[in-house]
Each structure stands twice: as C-alpha cells, then as structure tokens.
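These notes are about the structure you will find just below.
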Amino acid sequence: MHDWLNNICWLTDSYKVSHFKQYPPGTRRVYSYFESRSGSTYPEVCFFGLRYFLERYLAGEVVTAAKLDAAESLFRQHFGGDVFNRVGWQHILDKHGGRLPIVIKAVPEGTIVPESNVLMTVENTDDEAYWLTNWLETLLVQVWYPSTVATQSRAMKQVLLRFLRETGDPSLIGFKLHDFGFRGVTCPEQAALGGAAHLVNFQGTDTIPGLLLARQFYGCEMAGFSIPAAEHSTITSWGEERELDAMRNMLTQYPTGLVACVSDSFDIFRACSDYWGDALKDIVLARDGVLVVRPDSGDPPTIVVEVLRRLGESFGTTTNSLGFRVLHPKVRVIQGDGIDFTMLGKILSAMKDAGWSADNIAFGSGGGLLQKLNRDTQRFAFKCSSIVVGDQERDVFKRPVTDGGKKSKAGRLKLIRDDDGNLRTVRESELPNPPDLLQTVFENGRLSRRDSFDDIRQRSR
Ligand code: AOY
C-alpha cells in the first residue's frame, strides 16, 4: 500500500508512453542533457538532490512482471487501447533482470555551475531501449526542486554574509537562516528534499524530514539543529492578561541555553519594553543562555528596527569595531515572518541604516525558502542533443523562432574548467583535455559511490 507510486512505468508523463513509435526508424541511441538555461533568477546553480531520485526510484531491479502487468492494465484504461510498449519493457525485464539500461553522468552534487551549462546527461546503453532515455525526463527533471532551493538558500547566504562582513561577525553565518518551511510545502517528501537542500548551506532547521533525507541518502548523522521555541498557542492559551506569565514560564522551563519566544500575540512593543525589558529583565539577565525575541507581524524592516530599539533601550548595547550596535549578549531577535530573498536584504539594509549589526538577528523562512519558487526560477530543461540512427550519429537541437531563449545545445556534451578557471560546456569530441567534470552516477541499474553531505557542503561553500 505504501509503495503504490513505486513503478517506473508510471513515473512519467502520459504522452511519453507513446513516444517509442515516434523516433526516426533505426534509432539506437538517444542522448539528452539537463541544464539551467540562461536568464535564470540566480546566475549560478547549486546542483543538489540527484542521489535521492536515483536511489529512491531508479536503482536496482525496478522492473518486475507484476509492475508491467499493472502498468499495462492502467494504460489500457487510460488510453483506451494498447499504447504501452510492453515488448520494450519486457526486454528490460528479460535481458537486464529489470535493471534500467541507462547511463547517467552528472556534476558532483553541491557544485556551483553557472547557468547555461550541462549538469547531467542521460543515454540508453541497449539499442532496444532508445525510448527509455526521455521516459526518465519527468522524474529526473524533478531535481530542479532541491537544486533551486539550494541555489536560492545559497544566494540568501551571500546577502547575509555581505551584511555580516560590513556590520558584524561572519562566523555566525551557519544559524542565520532557519528553515520554517515544512507546513508551507505540499507533502512530506517535498519537505525532505527542500529541507535537506537548505542544509547544504545552513545548519538551522525545524524541518525534520530534511534531516532524515540527509541521513538516509547522504550519510549525515545530524545535518541541522534547533532550539526550544514558543508558538502562538503556547502563549495565547494563557490569555492576554497572563501573557507575561506565559513568557516568564518560558524562561523558567528553559533555565539555560537558547530559547525563542514569539512576542507579537497582542502587542510586540509592550512585550519588548514592559515584559522582556522590564518585568522579566532580571530573569533574562540571570539566565545562563540567550533569549531570542520573535516579532511575527507588521512591516518587517520597520518592526525589526523598532524591536531592536526597545530591547536596546532596556538591556543596553555595545558598539563593535565596525561601529555598529550590538544588543546585550543575553538578548537576540529572530524575524520569521515574510522572509524571502528580497525581504532579507531590505531588513538588513534598514538595520544597517539604523546602526544595528547583523549579529543581532537571525531569520526564519518558510514559504519563501521552500515553496516560492518553480522550475522557471532557474529555467531548468532536459533536451535531446544527439541520437544514433543506424550507424550514424546526428546532432539534435531545437531553435524556436518564437523564443530564442529556448534554443538547446547540440551534440554529446562535457563540462570543463577552462584556462580562466570558469566552467564551460563543450562537445565531448573537443579533445580529451581538459577532463570532463561529469561523473557516471548510474550505469545499468547500479549507483556509483555516493557523495557525503560534508563533501556537498564543502563544494557549495
Ligand atoms: N520555529 C528558533 C527555532 C525555531 C518555527 C517553525 C514555523 C523557531 C520557530 C524559533 O526560534 O522561533 C515553523 C514557525 C516557526
């Protein structure tokens, strides 16, 4: 029951079921590649997540007689006729023991690749399975999602690092952007992929499935960390007249370490000035730990600066060597409402303009981190660039007059580092040197040794 989707015969688009009859007669090889086309939102891509798709859906003896029977029956109803290539799939079962006769090469995960370069190539290894290469497009292109999350989270890291360098301490970067996104995605599998992708660049997360994916598929024992934190229900359930007691309770229940408390349930300004900054001030200062105050409504740049002003007024500040103010070390702020790439820069700018170091704040991001993006954010596409028909190899490409930005590359491709140190896509035939950076990750059902999460993080750094 839990494995109801797990059949490669139906992890594709319906029309692809019909494509085996549509290639030129005599086609023996179909070679396709995956890229982030030019004009993407972020100029360089962090490639991440392929191992999950390969191991979860494509590795091993994925074709069985039972799965072929089930697919044949489904497609007979779906198409109202015998469109399904039972003979072709039966060949994979009989001749290859149900392992896919495909070779996939890809850039190592975590590599930062400028847009418009090959990231992955796919080709059949058995002449009879020429139709299988692009059957796999649908599933393989889904790597767009973890790659786009990793790409955008890395771009947000660059913004944070710029402000930390200008106003504070860049060594704090690992916990400056916390993943709040689980509830805003469509399903636990997406949370796992997006959550793990964010952890390529950061160490703070509340998205538990991301940890599990990093552990299960990339061998990372514990990829991310969190702290005790309030939500509105744990504060508002005390009633407005006892909000102060709710906040005091947070400090006494967690007498040491970091603790975060959402503070806008009724009046964020009263909470900062009268509760944290007055009634509870001595407890906060006596605590062996850090109180993190969380506003959660209003115009984020305005509210953050005002919260800092009030906390600074009550708890005091110091001025760092760069000339920016830092709150008393027992008090910090986390802004988790409205955070996306654009808002992050606006808040940090407003803080800097008001003389505040970025050291004072961390951010939480949910929808803006895991959901407010799509395949067009990085213009990801998978296209055939070469075929073999009979004994003739031919270039394949598209070049629509209606959109020059959609033209695709031709030929068998490799990714190289050129003399200037830049990554570039050239034809495979263009000389053995420099060497191809694409590595074989899947060959006839078998996976290559996986990258560790640490290696992936190191590449992205
Ligand atoms: N978590 C830091 C630890 C996490 C959260 C998760 C949606 C945290 C809040 C916090 O401090 O306030 C999902 C919203 C918030």
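Computed from a predicted structure; not experimentally measured. Numbering of ligands and ligand atoms starts at 1, following listing order.
The 4.0 Å heavy-atom shell around ligand 1 contains residues H178, F180, R183, D206, S226, I227, A229, A260, R294, I334, ordered by chain and number.
Pairs of residues two or more places apart, or lying in two chains, that qualify as salt bridge (Lys or Arg N to Asp or Glu O under 4.0 Å) and include a residue from residues 340-350 are D340-K372.
Between R215 and E221, at least one side-chain nitrogen of the basic residue sits less than 4.0 Å from a carboxylate oxygen of the acidic one, meeting the salt-bridge criterion.
No side-chain donor-acceptor contact under 3.5 Å links R99 to the backbone of V63.
Smallest separation of non-hydrogen atoms from Q190 and L370: NE2-O, 3.4 Å.
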Anything under 3.5 Å between a donor and an acceptor, one on a side chain of residues 114-122, the other on a protein residue two or more places apart or in another chain? List them.
from, atom 1, to, atom 2, distance (Å)
E115, OE1, G39, N, 3.2
E115, OE1, S40, N, 3.1
E115, OE1, S40, OG, 2.6
E115, OE2, G39, N, 3.4
N117, OD1, T425, N, 2.9
N117, OD1, T425, OG1, 2.7
N117, ND2, P114, O, 3.0

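Applying the side chain to side chain donor-acceptor pair (under 3.5 Å) rule to R461 yields the partners Q458; only residues at least two apart in sequence or on another chain are considered.
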